[in-house]
Amino acid sequence: MQPKTADGAQGIDVSHWQGNIDWNKVKAAGKQYAFIKATEGTRNKDVRFIANIKGAKAAGLLVGAYHFLNATSTSIAQQEAAHFVQRLQEIGGAKALDFPPVLDYENNPSGLSKSSINAIARAFLEEVERLTHIQPMIYTGNAFAANFDNSLSKYSLWIARYSNTRIPDDCTAWQSWDFWQYSDSGYVNGIGGNVDLNIYKGTLAQLISRYTNKEDHEPVEEGKEPMTAEEKKAFQALEATVKVQADRIAALTDSRDLLKTSITKVDTRIQRIEQTQKMDIPTWAKEAVDRAVSSGLIQAAEGGSYDFYRLLTVLHRKGLI
């Protein structure tokens, strides 16, 4: 397989064994992503998973999650896949991650055949993909990778070989790696004790382009950092607010234009009615009009309508004016 590149994106992988992590210090130390243990077997949950995911995202690292496989049959592998996916729901599901869900399959304590190993791996991977609609990736060791056949070559490979000089070996399923875990004894500020170190086959910008959700990540120029989780959340909230206000302004503009049109139509109609209904004071209404004027009820009645004169006449006859 290929050697490391000088500008490869650097990351770590952790579990509860690393204890309480200061993720801001990890970020400041130059680490750009982290794979975090979520589950193992059919029941085990890593107690630091949620805290690690939240802490890493808040510090601006890209994040992924992995499951340590113990299955000895395809049915158990499917159960483990369901357990893994259920755990991911607690952080918002697999789509909340920047990288695909990871199958950690690295040992064979039960002495299974290669065909069984491949069948178990496929059962897990296919069940995770069925449940999440995301194609997972595989983590394994340099020697254990030789167990896998070409049916698994479509999955991205994260391989372990602890060396700065010896590159991972080619195998049937893969002739290149996506991530290389090159040390299990690294030191990173913010973490007490040793931690696994990883490198991506390309730059940070290439890493984001290859794996992360492009709707969630703007293109990153070389030498620049991606948005932090908090910055992304604030930006999305601002976008939503702007959209709401824009919709309101558009609605108000439409309403105002409609109201102006309606007022113009009503005003025109009133003018037409007034023009058609104006008339001189009828003889039968003159006494009532004079009385209304002298009492101060009206100032003048020239050009009033028929209904107006009739109303005054009725009021006069009833002794109200």
Side-chain angles (χ1 to χ4, degrees), residues 11-18 21 33-57 61-110 112 116-141 144-145 147-148 151-160 173-174 177-179 181 195-196 198 210-213 216 229:
I12 59 174
D13 61 275
V14 300
S15 69
H16 67 280
W17 292 110
Q18 275 67 47
I21 297 173
Y33 57 90
F35 288 102
I36 297 168
K37 185 176 182 180
T39 48
E40 179 175 339
T42 57
R43 294 186 178 182
N44 182 278
K45 297 180 179 180
D46 191 286
V47 295
R48 295 292 305 168
F49 174 62
I50 294 177
N52 280 334
I53 287 287
K54 289 182 177 179
K57 287 174 73 72
L61 277 76
L62 304 174
V63 297
Y66 70 90
H67 171 90
F68 189 92
L69 190 78
N70 291 329
T72 54
S73 69
T74 55
S75 61
I76 296 176
Q78 290 173 331
Q79 293 174 36
E80 291 195 26
H83 174 51
F84 181 34
V85 173
Q86 186 176 31
R87 181 65 160 160
L88 296 183
Q89 296 302 321
E90 298 176 33
I91 60 162
K95 291 182 179 179
L97 301 168
D98 296 294
F99 305 129
V102 180
L103 163 62
D104 179 346
Y105 196 1
E106 57 183 276
N107 57 21
N108 183 21
S110 300
L112 300 172
S116 294
I117 289 172
N118 282 273
I120 288 169
R122 285 194 300 272
F124 181 93
L125 294 163
E126 290 169 1
E127 182 67 2
V128 168
E129 186 167 2
R130 185 185 73 82
L131 295 172
T132 65
H133 306 291
I134 298 173
Q135 186 179 84
M137 60 188 297
I138 296 176
Y139 167 88
T140 192
F144 198 77
N147 289 295
F148 298 115
S151 67
L152 300 176
S153 60
K154 66 179 180 180
Y155 298 100
S156 296
L157 174 65
W158 171 20
I159 195 162
W174 301 280
W177 48 267
D178 290 272
F179 293 89
Q181 186 187 76
V195 65
D196 296 334
N198 299 274
R210 171 65 178 85
Y211 286 107
T212 62
N213 186 335
D216 292 338

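Residue numbers start at 1 and run along the sequence shown. Computed over heavy atoms, backbone and side chain alike; hydrogens, waters and symmetry mates excluded.
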**Message:** Quick one, Val63 and Tyr33 - any side-chain contact, counting heavy atoms below 4.5 Å?
**Reply:** no
**Request:** Considering non-hydrogen atoms only, spot the tightest contact between Ser110 and Thr72 and give its length.
**Result:** OG-CG2, 3.4 Å
**Prompt:** Is there a side-chain contact between Asp13 and Trp158 (heavy atoms, below 4.5 Å)?
**Reply:** yes
**Asked** Which atom pair, heavy atoms only, marks the closest approach of Ser151 to Asn118?
**Response** OG-OD1, 4.3 Å
**Asked** Any sub-3.5 Å donor-acceptor pair from Trp174's side-chain atoms to Tyr155's backbone N or O?
**Response** yes
**Prompt:** Is the shortest heavy-atom distance from the side chain of Asn52 to the side chain of Val14 under 4.5 Å?
**Reply:** yes
**Asked** Heavy-atom distance under 4.5 Å between the side chains of Thr140 and Phe148, does that happen here?
**Response** yes
**Complete:** CG of Leu103 to CG of Leu125, rounded to nearest 0.5 Å, is 5.0 Å
**Asked** Measuring from Ser73:OG to Glu80:CD, what's the distance to the nearest 0.5 Å?
**Response** 9.0 Å
**Flag, side chain of Gln89 to backbone of Gln86, donor-acceptor distance under 3.5 Å** = no
**Request:** For the pair Phe35 and Phe179, name the ring-plane relationship: parallel under 30°, tilted 30 to 60°, perpendicular over 60°.
**Result:** perpendicular
**Message:** Under the criterion side chain to side chain contact (heavy atoms under 4.5 Å, CB included), I'd like the reasoning laid out for Lys154 against Gln135: C-alpha separation, chi angles, the key distance, then a yes or no.
**Reply:** CA-CA 9 Å; Lys154 66 179 180 180; Gln135 186 179 84; 4.0 Å; yes
**Item:** Heavy-atom closest pair, residues Asp98 and Leu61
**Value:** OD2-O, 4.2 Å
**Item:** Validation row: Pro101, Leu88 side chains within 4.5 angstrom (heavy atoms)
**Value:** yes
**Request:** Calculate, to the nearest 0.5 Å, the distance between atoms CD1 and CG belonging to Ile134 and Leu97 respectively.
**Result:** 7.5 Å
**Request:** Taking all heavy atoms of Ile36 and all of Ala56, pick out the closest pair and write down the distance.
**Result:** CD1-CB, 4.3 Å
**Request:** Find the distance between CZ (Phe99) and CE (Met137) and round it off to the nearest 0.5 Å.
**Result:** 8.0 Å
**Complete:** Separation between CG (Asp104) and CD (Glu40), nearest 0.5 Å, reads 8.5 Å
**Message:** Is the shortest side-chain heavy-atom distance between Thr74 and Arg122 below 4.5 Å?
**Reply:** no
**Prompt:** For Glu90, does the CD atom have more than 12 heavy-atom neighbours from other residues, nucleotides or ligands under 6.0 Å away?
**Reply:** yes
**Exam field: side chain Lys37 to backbone Val47, donor-acceptor pair closer than 3.5 Å** = no
**Asked** Is the distance between the ring centroids of Tyr139 and Tyr66 under 6.0 Å?
**Response** no
**Asked** Does Asp196 have any side-chain hydrogen bond (donor to acceptor under 3.5 Å, both in side chains) partners at least two apart in sequence or in another chain, and if so, which?
**Response** Gln181
**Message:** For His67 together with Phe124, are the ring centres under 6.0 Å from each other?
**Reply:** yes
**Asked** Which pair of non-hydrogen atoms, one from Gly141 and one from Glu106, has the smallest distance, and what is that distance?
**Response** N-CB, 4.4 Å
**Prompt:** Side-chain contact, heavy-atom cut-off 4.5 Å: Val128 with Phe84?
**Reply:** yes
**Request:** Just do the side chain to side chain contact (heavy atoms under 4.5 Å, CB included) check on Lys45 and His83 with the steps written out, would you?
**Result:** CA-CA 9 Å; Lys45 297 180 179 180; His83 174 51; 3.8 Å; yes
**Prompt:** Would Tyr211 and Asp178 satisfy side-chain hydrogen bond (donor to acceptor under 3.5 Å, both in side chains), going step by step from the backbone distance to the final call?
**Reply:** CA-CA 10 Å; Tyr211 286 107; Asp178 290 272; 2.9 Å; yes
**Request:** Show your working on side chain to side chain contact (heavy atoms under 4.5 Å, CB included) between Asp46 and Phe68 and close with a plain yes or no.
**Result:** CA-CA 10 Å; Asp46 191 286; Phe68 189 92; over 6 Å; no
**Prompt:** Can you tell if the side chain of Ser156 reaches within under 4.5 Å of the side chain of Ile138, non-hydrogen atoms only?
**Reply:** no
**Request:** Mark yes or no for whether Asn44, through its side chain, and Gly41, through its backbone, hold a donor-acceptor pair below 3.5 Å.
**Result:** no
